[in-house]
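Beneath this line is the structure, given in structure tokens, with notes to follow.
Per chain, numbering begins at 1; letters A, B, ... match sequence-line order.
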Amino acid sequence: MDIPKQYDPAQAEKDHYERWEKNGYFAPEINQDPSAPVFTIVIPPPNVTGSLHMGHALQHTMMDVMTRHKRMSGYRTLWLPGMDHAGISTQLMVTNALKEEGKTRFDLGREKFVERVWKWKAESGGQITVQMRREGASVDWSREKFTMDEDLSRAVREVFVRFYEEGLIYRGKRIVNWCPRDQTVLSDLEVEKLPQAGKLYYLRYPIKNSDRHLTVATTRPETMLGDTAVAVNPTDERFSDLVGAIILLPLTNREIPVIKDDYVDPAFGTGAVKITPAHDPNDYEMGLRHDLPQVVVIDAHAKMTADAGADFEGLDRYKARDKVVEEFEKLGLLDKVIDYEFSISKCERCKTVIEPLISEQWFMHMEPLRDLALGLMAQKQKPQFTPDVPYERIYTNWLENLRDWTISRQLWWGHQIPAWYTPSGEVIVARSEEEAREKAGTSELTQDQDVLDTWFSSALWPFSTLGWPDDTEDLRTFYPTSVLVTARDIIFLWVSRMVMMGMKFIGQEPFADVFVTGTILDSQGQRMSKTKRNGVDPLIVFDKFGVDATRLTLAQVGSTDTRWNEKQVESYRNFANKIWNAARFCLMNSDGAEVKPELLESKDLALHDRWIISRLNKTAERVNESLNTYQFHESVQTLYHFFWDDFCDWYIELSKSDVTAEEPSPKRTEARSRLLTVLEQALRLLHPFMPYITEELWQRLPGNKPLHSAYAGASSTIMLTSYPISSQEMIDDRAEREMSAIIDLVSRVRNIRSEMNIKPAERIPVIVGCPDQELRNTFSSARDQIARLVRAAEISIADQLNAPKASARAVLVGGAELAVPLEGLIDFEQERQRLGREQDKLRAEATKLEAQLANPSFVERAPAERVDEVRSRIADIAQRTSQLQQTIENLQ
RNA sequence: AGGCACGUACGUCAAUGGUAGACGGCUUCCCUUACAAGGAAGAGGUUGGGGGUUCGAAUCCCUCCGUGCCUACCA
């Protein structure tokens with residue numbers, strides 16, 4: 001058997017994925033059981049712009065673990081992959097590429113530009129699919145989707161038309177967030193607010209027919225050119241006589257009124273606010289309330305307009321600010337300037353400061369949709385968030401405060417709005433140009449130049465990918481999906497909108513559960529970001545430690561934010577190597593043996609066999625349970641300790657004498673087969689987390705390795721075997737008790753060896769005194785294995801301890817004692833100290849427990865079984881302490 | 001400005017009212033024929049501070065300190 005000593009992930013990762021994919025194992029059709037339950041996940045589509053980052057690797061790992069687990073559990077499983085066209089980001093990328101050629105998108109024109117983006121998408125998107133294959137993601141590539149695919153675009157148009165016909169989508173002139181760089185409107189969610197150190201300017205406005213002034217405070221003096229009123233709070237007595245007065249607005253020839261409005265906070269600034277309805281969202285609202293004119297002084301490029309006055313026209317908004325301040329100072333109207341920190345809105349993509357502008361856009365009324373989502377939460381508690389604590393309330397709260405959604409964007413890359421205009425300006429909304437012509441009765445139509453917000457098509461993802469608006473087999477089978485895995489930051493942007501759209505068009509929630517993943521931070525606790533260049537590239541980690549080790553690291557992150565720690569991956573790389581070598585041992589001793597599931601059911605097994613079977617079943621139970629409740633950390637820990645501690649450290653060691661016997665015998669063959677059989681189950685348990693190494697090793701195991709009955713027709717692969725489930729009768733508490741006594745005995749002897757500095761090569765005699773008959777039998781039948789594990793020359797077991805005085809001793813649980821004769825080797829003082837330390841530990845514990853018992857209310861109020869437990873532990877400790885005491889006294 | 005979360009061993013994280021654990025790191029010994037990416041044995045924590053509820057608190061409540069995140073129309 002020719003297996004290298006070190007596991008080489010690259011080798012194992014090479015061929016398996018291709019074979020899985022080629023054989024159609026990822027597609028739900030592989031499942032031949034017509035009554036199989038269904039499990040569906042749609043992937044949160046990555047942007048075509050990026051390559052995969054750690055956040056993707058994290059989410060994909062979670063989704064793949066769930067998918068593989070369910071597939072192995074017999075579910076008809078679909079994990080549907082795809083990508084998002086990511087309007088602004090993608091357009092920006094291509095625009096930047098053009099810039100390097102010295103061109104703008106206008107040089108190409110819309111059609112050529114969009115062609116160019118498609119070309120770019122083909123390259124970049126291809127990258128992502130290669131990377132996802134590397135991750136081992138068991139997605140059904142035959143169903144891969146892209147938000148700009150023809151069928152998904154049809155779904156988008158269908159939704160738009162239906163909403164328009166219901167009056168939920170409308171076109172209107174409103175104040176919007178405008179990005180002067182990208183030249184497009186942005187939704188509130190695409191704007192980020194950042195704190196900024198700025199100034200607060202106090203400007204004096206003269207009152208007409210009076211020598212009085214009204215002073216206003218502003219962070220944006222340049223907007224005063226567009227002021228159409230000054231507002232004060234109705235209850236503010238300082239200004240009550242000025243309400244209705246006329247202000248002579250400096251630098252312009254305008255006269256504007258002083259009005260009253262509750263919005264004004266008398267405590268802030270001067271208590272008087274300048275109102276610029278055309279350039280501030282609040283002022284806009286107030287302008288509507290008071291029917292104020294809107295004077296536009298800043299244009300779409302953030303330059304001043306002609307209405308700003310001849311002195312200002314064409315100036316950049318910041319230049320204009322300086323000039324306004326200068327002029328006020330000259331006129332003696334600048335009261336003061338103070339430092340002031342406020343938050344400023346920036347474009348989430350390009351970080352340009354947003355300019356609020358009045359503009360004609362498409363909007364969507366959200367109230368009826370919002371109510372659908374709220375109703376679902378109120379009546380069915382769906383979606384069920386995991387972890388469940390904060391998100392549900394945040395989600396509900398956000399929905400309650402929802403405002404209309406600005407859905408149009410002034411971009412070229414995206415779904416062009418299916419609205420056409422007749423020469424007379426009539427709006428025709430239709431599913432296609434032909435339909436529009438029919439409706440309009442003319443072919444002289446111009447289509448709206450705008451595209452839809454990217455999130456419009458993403459909102460339809462769970463059903464548009466399954467064939468909606470057609471009533472497809474896929475839609476009927478896989479909708480609603482089972483769980484959505486996502487990061488925290490798009491719960492509103494995406495999750496809530498999918499819920500609304502799903503309820504609206506399918507009448508059912510798009511997913512039952514939402515699993516919210518944590519965030520991987522850098523080693524300093526900072527968010528990983530492109531601009532900070534602190535991201536860790538998952539592909540580099542894959543190369544360094546292997547995909548399986550990385551997946552294990554990511555799986556255990558779960559829902560908590562975690563600092564990236566390469567050491568963790570390294571330790572799981574070591575774990576993979578451990579698995580490799582354990583299998584290597586089994587295979588090196590597999591002559592004549594094979595995997596035989598029935599071997600685990602036979603009667604009259606040795607203790608260590610009964611024990612490992614019990615442990616195996618408990619492990620399966622815990623892993624299934626934790627996977628079903630999204631407790632990935634728990635699953636990983638359980639599997640790690642089962643494999644390393646139970647299987648490697650104890651089971652293999654205890655099997656060794658049988659397995660490595662020189663002479664062939666039925667006993668040897670059976671021991672070898674049993675070992676292989678346990679290993680095979682362990683690999684199956686590990687497979688969802690570590691698909692590559694488990695497949696690699698599983699393929700090498702000889703014997704009968706049946707697939708899950710639902711996949712009977714498929715060729716051999718671990719990914720279609722059945723996931724081990726626990727069986728109550730296989731759990732053997734007695735075997736576990738007996739094994740822990742043996743483990744205790746072995747550990748004690750090893751402790752003595754270590755403390756007494758006995759060379760590992762030195763064989764020692766071990767004497768055990770054990771008054772309990774049953775326990776004595778346990779020790780006796782495991783005598784050879786124990787001797788091997790503690791490197792003993794011989795072990796004598798009797799009902800009483802009968803050892804020379806010059807011995808190191810220990811007291812075991814259950815009243816047994818042991819001695820290691822150390823004639824000439826023992827240092828009595830050292831031994832006394834060692835035993836003393838042990839005694840101290842026991843006493844400390846006893847003190848705690850006694851204090852508990854001394855409290856009358858504990859005995860009265862705590863459950864009886866807990867009190868009994870404490871009592872029996874105290875008794876046990878007391879016995880061991882006194883045995884130790886005697887041992888110490890006998891030493892000399 | 002509000003809201004929410006978090007603070008546990010040197011590091012990264014577990015532990016949903018019942019004896020505080022894991023992995024890495026650290027110390028000592030060992031290349032014992034599956035594995036030095038390994039084996040064996042150890043050291044290390046009054047769970048951020050203070051108060052409360054409880055027989056019992058890392059866990060529930062209050063408060064303070066520190067750290068993140070989200071939401072928001074203070075000019």
Side-chain angles (χ1 to χ4, degrees), chain A residues 3 5-7 188 193 200-201 216-220 223 231 263-265 267-276 280-286 340 342-343 387 389-391 393-394 397-398 401 488-489 491-492 519 521 523 525-527 545 549 553 556-558 560-568 570-589 631 633-634 636-637 640-641 648-649 652-653 656 660 746-747 750-755 757-761 788-791 845 848-849 852 855-863 866-867 869-870 873:
Chain A
I3 303 174
K5 274 172 103 167
Q6 275 199 5
Y7 169 54
D188 292 341
K193 312 252 172 160
L200 192 57
Y201 303 85
V216 297
T218 179
T219 53
R220 301 196 58 195
T223 61
Y263 162 74
V264 180
D265 175 5
F268 187 87
T270 61
V273 188
K274 58 187 273 315
I275 303 302
T276 323
D280 180 280
N282 303 308
D283 294 6
Y284 175 82
E285 296 290 334
M286 207 189 296
Y340 180 65
F342 60 102
S343 67
V389 207
Y391 304 116
R393 202 163 70 241
I394 295 174
N397 192 286
W398 182 81
N401 296 307
R488 262 189 296 270
D489 50 356
I491 290 178
F492 309 132
T519 310
L521 308 168
S523 57
Q526 300 284 310
R527 268 186 115 80
F545 299 107
T553 311
Q556 62 142 27
V557 164
T560 49
D561 289 356
T562 306
R563 297 181 182 210
W564 179 253
N565 183 359
E566 203 179 85
K567 291 280 186 192
Q568 188 65 251
E570 193 178 337
S571 94
Y572 285 128
R573 189 268 319 258
N574 295 351
F575 179 54
N577 196 50
K578 187 76 182 176
I579 296 171
W580 181 261
N581 278 293
R584 182 166 169 263
F585 171 78
C586 299
L587 289 168
M588 283 184 348
N589 296 287
Q631 310 286 312
H633 186 275
E634 165 97 1
V636 172
Q637 291 297 313
Y640 184 95
H641 291 293
C648 294
D649 287 353
I652 289 184
E653 293 306 326
K656 257 181 187 166
T660 61
V746 170
S747 306
R750 284 172 171 172
N751 176 270
I752 289 170
R753 293 191 66 119
S754 177
E755 299 270 339
N757 292 321
I758 299 164
K759 293 268 172 253
R788 186 188 181 97
L789 292 174
V790 302
R791 308 183 68 74
E845 201 186 336
K848 255 197 218 169
L849 293 169
Q852 220 174 12
N855 184 344
S857 4
F858 171 72
V859 184
E860 250 168 65
R861 304 204 189 182
R866 177 144 303 278
V867 179
E869 198 185 314
V870 171
R873 266 173 46 217

Can you give me the N/O atom pairs linking the protein to nucleotides 37-39 of chain B at distances under 3.5 Å, or say none if there are none?
from   : atom 1 : to      : atom 2 : distance (Å)
A37(B) : O4'    : N574(A) : OD1    : 3.0
A37(B) : O2'    : N577(A) : ND2    : 2.9
A37(B) : N7     : Q6(A)   : OE1    : 3.2
A37(B) : N7     : Q6(A)   : NE2    : 2.6
A37(B) : N6     : Q6(A)   : OE1    : 2.3
A37(B) : N3     : R573(A) : NE     : 3.0
G38(B) : OP1    : N574(A) : ND2    : 3.3
G38(B) : O3'    : K578(A) : NZ     : 3.2
G39(B) : OP1    : K578(A) : NZ     : 3.2
G39(B) : OP1    : W644(A) : NE1    : 2.6

What protein N or O atoms touch nucleotides 44-46 of chain B N or O atoms at under 3.5 angstrom, if any, and at what distances?
none

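Here the P atom of nucleotide A22(B) and the NE2 atom of H633(A) are 12 Å apart, to the nearest Å.
The shortest distance between the side-chain N/O atoms of N565(A) and the OP1/OP2 oxygens of G24(B) is not below 4.0 Å. For U54(B), the OP1/OP2 oxygens have no side-chain nitrogen or oxygen of S857(A) closer than 4.0 Å. Remark: K656(A) is not in phosphate contact with C35(B), judged by side-chain N or O atoms under 4.0 Å from OP1 or OP2. Regarding contacts with the backbone of A36(B), a side-chain N or O of K5(A) is found under 4.0 angstrom from either OP1 or OP2.
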Read 5' to 3' with Watson-Crick or G-U pairs under 3.5 Å, [ ] for crossing pairs and | for partners on another strand, RNA chain B gives (((((((..((((....[..)))).(((((.......))))).....(((((..]....))))))))))))....
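Not counting sequence neighbours, the partners of Y572(A) by the side-chain hydrogen bond (donor to acceptor under 3.5 Å, both in side chains) test are Q556(A). The side-chain hydrogen bond (donor to acceptor under 3.5 Å, both in side chains) search around Q852(A) returns none, not counting sequence neighbours. T223(A) meets the side-chain hydrogen bond (donor to acceptor under 3.5 Å, both in side chains) test with K274(A); sequence neighbours excluded. Remark: Y263(A) pairs with N282(A) by the side-chain hydrogen bond (donor to acceptor under 3.5 Å, both in side chains) rule, at least two apart or across chains. In this view, E285(A) satisfies the salt bridge (charged side-chain N to carboxylate O under 4.0 Å, His left out) rule with no residue, not counting sequence neighbours. Every residue two or more places apart in sequence or in another chain was checked for a salt bridge (charged side-chain N to carboxylate O under 4.0 Å, His left out) with R788(A), and none qualifies. Y201(A) meets the ring-ring contact (aromatic ring centres under 6.0 Å, His included) test with no other residue; sequence neighbours excluded. In this structure, K578(A) has no salt bridge (charged side-chain N to carboxylate O under 4.0 Å, His left out) partners at least two apart in sequence or on a different chain. Applying the salt bridge (charged side-chain N to carboxylate O under 4.0 Å, His left out) rule to R753(A) yields no partners; only residues at least two apart in sequence or on another chain are considered.
Nucleic acid contact class of N757(A) (heavy atoms, under 4.0 Å, all strands): none.
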